[in-house]
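The next block holds one structure in the form of structure tokens; read it before the comments.
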Amino acid sequence: METERVSKSSKWFSNKSLKLSLHRRRSKSSSTPSSPNSPTDGDGRISALELRAYFGSIGEYMSHEEASLAIHDLDADQDNLLDFQDFSRFMKREASDNDEDIKMAFGMFEMEKGSGCITPKGLQRMLRRLGDAKSYDECVAMIQAFDIDGNGVLDFYEFNQMMA
């Protein structure tokens, strides 16, 4: 059931540029009232209305029903609001899923499976399979651009940096 809940929400939260800001509660003396036209109330939690407003601000339409479903899927305490803990749990799950995708992609580029590195030959072979034939020297140059330790191959960390 947890996977089903996450997959529904992932439709809306898969964009890596998503940066919802959850403001910490401020004391009443230091708080700034939100404008009457603003759907945000500054309480540090995201309502369906606030979620819709955010997606609208980045040019994405989200119906009230879709926003309510997304909130329901991620809301651990079922108060119909996303708090920082709800959002953090979701982002950790998404990061974990992304790590698995990157590990799978890395494995596709390894010349010798399990070697832990991408060689110029391995890169050349995979690019050819993808329809982008490159010379060996071009592949050496591509690897050099991300080869942090200068050993002529990409390890997983370097590949991950390249993909970021």
Side-chain angles (χ1 to χ4, degrees), residues 1-24 40 44-48 50-63 65-76 81-164:
M1 180 173 156
E2 193 67 27
T3 305
E4 183 180 318
R5 287 178 63 162
V6 171
S7 62
K8 289 178 187 175
S9 304
S10 294
K11 171 185 174 188
W12 291 106
F13 296 108
S14 62
N15 182 349
K16 284 187 176 185
S17 67
L18 173 63
K19 292 188 175 135
L20 292 175
S21 55
L22 293 169
H23 303 287
R24 300 222 185 258
T40 62
R45 298 175 299 170
I46 302 170
S47 67
E50 290 169 324
L51 190 60
R52 286 187 70 206
Y54 171 77
F55 278 101
S57 76
I58 62 169
E60 294 286 331
Y61 174 77
M62 177 185 260
S63 71
E65 182 180 333
E66 290 170 322
S68 295
L69 273 172
I71 297 280
H72 176 76
D73 289 345
L74 300 171
D75 183 20
L81 297 167
L82 292 184
D83 59 24
F84 183 72
Q85 288 77 20
D86 295 328
F87 190 71
S88 293
R89 269 192 304 280
F90 174 74
M91 294 309 291
K92 285 177 186 172
R93 284 194 302 254
E94 285 296 302
S96 176
D97 291 347
N98 189 39
D99 285 349
E100 290 303 313
D101 291 341
I102 291 174
K103 285 176 187 172
M104 195 164 49
F106 181 78
M108 293 170 60
F109 282 89
E110 284 180 300
M111 187 72 166
E112 295 177 32
K113 297 297 175 204
S115 67
C117 65
I118 299 171
T119 64
K121 272 281 192 223
L123 179 60
Q124 184 181 32
R125 179 193 59 165
M126 189 51 143
L127 291 175
R128 188 175 296 126
R129 286 182 182 170
L130 295 170
D132 188 15
K134 299 282 186 203
S135 72
Y136 180 82
D137 290 337
E138 287 174 309
C139 291
V140 167
M142 290 170 73
I143 285 179
Q144 283 177 341
F146 294 96
D147 183 14
I148 296 167
D149 59 12
N151 65 353
V153 296
L154 295 180
D155 59 29
F156 181 74
Y157 175 77
E158 293 163 334
F159 180 76
N160 198 10
Q161 293 300 309
M162 178 182 78
M163 298 303 286

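Note: hydrogens, waters and symmetry copies are ignored here, and every other heavy atom, side chains too, is used.
- The shortest non-hydrogen separation linking I71 to I46 is CD1-O, 3.4 Å.
- Interatomic distance, CD1 of I148 versus CD of Q161, reported as 5.5 Å (0.5 Å rounding).
- Each ring pair (Phe, Tyr, Trp, His ring centres under 6.0 Å) pair with one or both residues in residues 112-134, not counting sequence neighbours, would appear here, but there are none.
- Side-chain atoms of R52 come within 3.5 Å of backbone atoms of M62 as a donor-acceptor pair (strictly under, hydrogens ignored).
- Counting only heavy atoms from C-beta outward, the side chains of I102 and F156 approach each other to under 4.5 Å.
- Distance check: M142 CE to L154 CG gives 9.5 Å after rounding to the nearest 0.5 Å.
- In terms of heavy-atom proximity, C139 sits nearest to P120 at CB-O, 3.6 Å.
- The shortest heavy-atom contact between E158 and V153 is OE1-O, 3.1 Å.
- The two residues L51 and A67 make their nearest non-hydrogen contact at CD2-O, 3.9 Å.
- The side chain to side chain donor-acceptor pair (under 3.5 Å) analysis of residues 117-140, with sequence neighbours excluded, yields the pairs S135-E138.
- Put simply, the side chain of D73 never gets that close to the backbone of A70: no donor and acceptor are under 3.5 Å apart.
- When all heavy atoms of D75 and L82 are compared, the pair lying nearest together is N-CD2, 3.9 Å.
- Taking F159 as the reference, F106, F109 meet the ring pair (Phe, Tyr, Trp, His ring centres under 6.0 Å) condition, with sequence neighbours excluded.
- The salt bridge (charged side-chain N to carboxylate O under 4.0 Å, His left out) pairs that include a residue from residues 102-111 are E100-K103, where partners are two or more places apart or lie in different chains.
- To the nearest 0.5 angstrom, D86 atom CG is 4.0 Å from D83 atom CG.
- Closest of all the heavy-atom pairs between D149 and D155 is OD2-OD2, 4.2 Å.
- We find the CE-CD1 distance between M162 and I143 to be 8.5 Å, quoted to the nearest 0.5 Å.
- Considering only residues two or more places apart in sequence or on other chains, D147 meets the side chain to side chain donor-acceptor pair (under 3.5 Å) condition with none of them.
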